[in-house]
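Shown next, in structure tokens, is the structure this report addresses.
In the text below, chain A, chain B and the rest are named by the order of the sequence lines, each starting its count at 1. Every heavy atom of this structure was used, including side-chain atoms; hydrogens, water molecules and symmetry mates were not.
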2 protein chains.
Amino acid sequence: MSVQLPDMPEFTPRQNAVLEQALKLLVSGGEKALTTSGLARAANCSKESLYKWFGDRDGLLAAMIAYQASKVRTAERSGGRLTADLLREHLEVFGRDLLEVLSGDVSLALNRLAVGQASREGSKLGTLLIEHGRRQIDRRAIGLMDAGRRAGLLRFEDADSAYHTLYGLIVSDLHVRMLLGEPGLKDNARQAKKAVAAFLVLHGLDTNSEGGN
Amino acid sequence: MSVQLPDMPEFTPRQNAVLEQALKLLVSGGEKALTTSGLARAANCSKESLYKWFGDRDGLLAAMIAYQASKVRTAERSGGRLTADLLREHLEVFGRDLLEVLSGDVSLALNRLAVGQASREGSKLGTLLIEHGRRQIDRRAIGLMDAGRRAGLLRFEDADSAYHTLYGLIVSDLHVRMLLGEPGLKDNARQAKKAVAAFLVLHGLDTNSEGGN
DNA sequence: CCGATAAAGTACCGTACGGTACGGTTCCGC
DNA sequence: GCGGAACCGTACCGTACGGTACTTTATCGG
């Protein structure tokens, strides 16, 4: 037996192209539009190949999540000295990136898919999404937290708890509203700025340059 | 044409019983378990009646949301003088109630249903859920905000914005995680306490009795 | 040049669902 | 007692999907 090695890109280029088309179908019309026949037709492949590659429909869905996660790479910026303004800037960039990711149509489609599957027992899709899709951005935020504390710019007891506070301030109920189909999206930059300002009031050490809009 | 009057309970008792059974099916097995045949069998009614009462399947889903919303009644506590400790207490109760509602199995099932339907055009289910399900609790929170400001205990420019901050602090990503099927739920009371403490740091006027765990 | 492997395309099968139609039963107004 | 309305139970229909089998085509090692 051969386990998936990290250098083995999990799928062949052909399979990646099929998964890309699957994501396109999912984004365009939701889960109902993602049928095996439709995907085979759209991707110019045979249903038999789909079942040979991914096992069954659930395997295809899991492969789509893994494929999408493999595409996302966070910048993981981590330069030298960290000043208060630099930390604020990094936090705001993080907030904008987070909102951008969450409001992306592929992300929304995959989250809707996983939420829809969450009722069935043994879904694993939700866990997969949380693990693959969030770990990257979570690690980036936790890194930012720790760097801020090490530089004497942030104070908190638990980095994870502080991160959840930041997350809540940034996202609030926007994610669920978007998942429910609400189109009107507030300005990401403005929302991130506000959230970071509040976060720094809670967990920052200096109070200068406060009250930005 | 006859509009729905508030005293007209929207549905007959028999229909309410059927909707109750429909919610039960939805909670137990997700959307896939909610078939017209299955509901007719479980509720001892005929499919023909279902279609006569609710039009089609979407009408049934909308009726389920309306029915569930009609059951939820927030206490809308609003006594006399408001002190700092009383405001904090009310806010914490609100936070606990909010988390309790969001983590309820019926709420989760309906939200999953609406999210799953959100991809299809003309869903209206998501809007319905937000309107019917959230308006009550939102109004209660906004009322609390305004009362706090009128009593000189809170400061903010926009009550809606302040409420969203409170919401984010309380809920963070818990709602989405639960929608995705994550079972482990933190302690509601502890989470509410923490969130309210942070909220009062941001928008409260006095800083005494701070730092409770 | 040849055998083999992979994959496309198509046809097929079983099932299950949404929606409709029909016969039988209960209940209510008259 | 009677006619009709509401409703239950069941059978039925068309469709569409997940999954499988088969035929044909292409690619590639020897």
Side-chain angles (χ1 to χ4, degrees), chain A residues 2 8-26 28-65 109 112-114 116-117 119-125, chain B residues 8-22 24-26 28-65 109 112-114 116-117 119-125:
Chain A
S2 69
M8 198 246 263
E10 187 97 34
F11 302 110
T12 71
R14 173 72 177 126
Q15 291 165 5
N16 281 338
V18 171
L19 291 174
E20 186 69 36
Q21 188 65 42
L23 284 178
K24 225 173 229 169
L25 283 177
L26 183 69
S28 74
E31 179 178 8
K32 203 187 150 194
L34 185 63
T35 67
T36 54
S37 305
L39 176 58
R41 204 177 317 119
N44 286 328
C45 74
S46 69
K47 285 172 69 173
E48 198 167 11
S49 299
L50 291 181
Y51 284 97
K52 170 175 295 194
W53 294 336
F54 308 113
D56 58 356
R57 193 168 185 272
D58 289 350
L60 172 68
L61 303 182
M64 289 168 62
I65 290 180
R112 291 200 183 105
L113 176 68
Q117 284 278 118
S119 349
R120 294 312 265 171
E121 199 58 34
S123 61
K124 283 200 51 175
L125 272 194
Chain B
M8 197 246 262
E10 187 98 34
F11 301 110
T12 70
R14 174 73 178 124
Q15 290 164 6
N16 282 338
V18 171
L19 292 174
E20 187 68 37
Q21 189 64 42
K24 225 174 230 170
L25 284 177
L26 183 69
S28 74
E31 179 177 7
K32 203 188 151 195
L34 186 64
T35 67
T36 53
S37 304
L39 175 58
R41 202 177 317 119
N44 287 327
C45 74
S46 70
K47 286 172 69 173
E48 200 168 9
S49 299
L50 291 182
Y51 285 97
K52 170 176 297 196
W53 294 335
F54 309 112
D56 56 358
R57 193 169 185 271
D58 289 350
L60 171 68
L61 303 182
M64 289 168 63
I65 291 180
R112 291 201 184 105
L113 176 67
Q117 283 278 115
S119 352
R120 294 312 268 173
E121 199 58 35
S123 61
K124 283 200 52 176
L125 271 194

*Using a heavy-atom cut-off of 4.0 Å to chain A, what are the terminal contacting nucleotides of DNA chain C, in 5' to 3' order?*
dA7(C) to dG9(C)

*C45(A) or K32(B), whichever maps to the more 5' nucleotide of DNA chain C*: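 Counting from the 5' end, the first nearest nucleotide belongs to C45(A).
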
*Under 4.5 Å between any side-chain heavy atoms of N44(B) and V18(B), yes or no?*
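No. Closest side-chain heavy atoms not under 4.5 Å.
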
*asked:* Return whichever of K52(B) or G55(A) has its heavy-atom-nearest nucleotide of DNA chain D closer to the 5' end.
replied: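 On the 5' side of the pair lies K52(B).
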
Considering all heavy atoms of both residues, which atom of [X] and which atom of [Y] are nearest to each other, and what is their separation?
{"X": "R57(A)", "Y": "L34(A)", "answer": "NH2-O, 2.9 Å"}
{"X": "C45(B)", "Y": "L50(B)", "answer": "SG-CD2, 3.8 Å"}
{"X": "L25(A)", "Y": "A42(A)", "answer": "CD1-CB, 4.1 Å"}
{"X": "A43(B)", "Y": "R14(B)", "answer": "O-NH2, 3.2 Å"}
{"X": "G30(B)", "Y": "S119(A)", "answer": "CA-CB, 3.4 Å"}

Under 3.5 Å, which N/O atoms of the protein pair with N/O atoms of nucleotides 21-23 of chain D?
unit_1: dC22(D); atom_1: N4; unit_2: E48(A); atom_2: OE1; d: 2.1
unit_1: dC22(D); atom_1: N4; unit_2: E48(A); atom_2: OE2; d: 3.3

_F54(B) CZ - dC7(D) P separation (whole Å)_ =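 Checked: the CZ to P distance equals 11 Å.
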
_Please tell me if W53(B) has a side-chain N or O lying less than 4.0 Å from either OP1 or OP2 of dA6(D)._
no

*Yes or no on side-chain contact (heavy atoms from CB on, under 4.5 Å) for Q117(B) and D58(B), after CA distance, side-chain angles and deciding distance?*
CA-CA 10 Å; Q117(B) 283 278 115; D58(B) 289 350; 3.9 Å; yes

*asked:* Could you walk me through whether T12(B) and W53(B) satisfy the side-chain contact (heavy atoms from CB on, under 4.5 Å) test, starting with their C-alpha distance in whole Å, then the side-chain angles of each, then the deciding distance to 0.1 Å, before giving a yes or no?
replied: CA-CA 10 Å; T12(B) 70; W53(B) 294 335; 5.9 Å; no

*asked:* Any base atoms under 4.0 Å from R41(B), or only sugar-phosphate, or nothing? Heavy atoms, all strands.
replied: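 Answer is nothing: R41(B) stays at 4.0 Å or more from every strand.
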
